[in-house]
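Single-structure report; data block below.
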Amino acid sequence: MRRFALILVMNAVVLAAMYWVAINYIWTEQEHSFTRTTLPAVLIIIEALLLGLALYFYIRNQEVQIWVSPSEFHYSDPVWGDFGFTVSVNDIVALRQIRSATNNSDKHLLQLKSGETKQIMYQNYSVDRQKLFDALKKANPSIVVPSGPWEYEVTRPQWAKKIREKAGLSD
């Protein structure tokens, strides 16, 4: 969580620097009064929120827990409260890494035999993906994992598939 804290502090610094550059080099005195009166108050609130969250994450300093035993897969994410689960490795069909072609967002899904999917959010943590994939394959060789840690399936919405099909492009 200290990584999140550092990112929030950097965002606060960049926001303050952007405002300073704007008032000193971009905005003129004739600009609307919003830039000189209301905007600073809004920025102070945003800065306080960013720095408050950074302090909270720095002090809390909990980390995501992912472990694989010969019989179980466990995932726990402290950022989202008590979000976590433990499943039998024999119930896991696949670990899928999916990237949306429209907005480049990533999803990491654990598919279970029951048809249920569970999202795991390890992209923001320093998780060794290859070790995770290897541990899953060792616990249950029938689990399908991505061919590499940075290999993603690309998904497109149905409307985009139709347009690409009409244009003669592959999905």
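If you read the sequence from its start, that first residue is 1, and numbering goes on from there.
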Parallel, tilted or perpendicular, as decided by the 30° and 60° cut-offs, for the rings of Phe4 and Phe57: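 Tilted: the ring planes of Phe57 and Phe4 meet at 30° to 60°.
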
Mutual orientation of the aromatic rings belonging to His108 and Tyr152 [parallel < 30°, tilted 30-60°, perpendicular > 60°]: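 Perpendicular: the ring planes of His108 and Tyr152 meet at over 60°.
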
Would a 4.5 Å heavy-atom cut-off, applied to side chains only, mark [X] and [Y] as touching?
{"X": "Thr117", "Y": "Leu112", "answer": "no"}
{"X": "Ile92", "Y": "Leu136", "answer": "yes"}
{"X": "Val89", "Y": "Val68", "answer": "yes"}
{"X": "Leu95", "Y": "Ile120", "answer": "yes"}
{"X": "Trp150", "Y": "Arg129", "answer": "yes"}
{"X": "Val14", "Y": "Tyr19", "answer": "no"}
{"X": "Val87", "Y": "Glu72", "answer": "no"}

Other residues, nucleotides, ligands: >12 heavy atoms within 6.0 Å of Gln130 CD: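 Result for CD/Gln130: enclosed.
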
Lys137 (side chain) donor-acceptor with Ile143 (main chain) under 3.5 angstrom: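 It does hold such a pair.
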
Short side-chain to backbone donor-acceptor contact, Gln97 and Glu151, under 3.5 Å: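 Answer holds: yes.
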
Salt-bridge present (Glu153, Arg96; N to O < 4.0 Å):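 Yes, this pair counts.
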
Ring centers of Trp67, Tyr75 separated by less than 6.0 Å: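 No, the ring of Trp67 stays outside the 6.0 Å limit from the ring of Tyr75, centre to centre.
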
Intermediate values then yes/no, salt bridge (charged side-chain N to carboxylate O under 4.0 Å, His left out), Lys113 and Asp91: CA-CA 5 Å; Lys113 287 181 181 176; Asp91 292 338; 5.4 Å; no

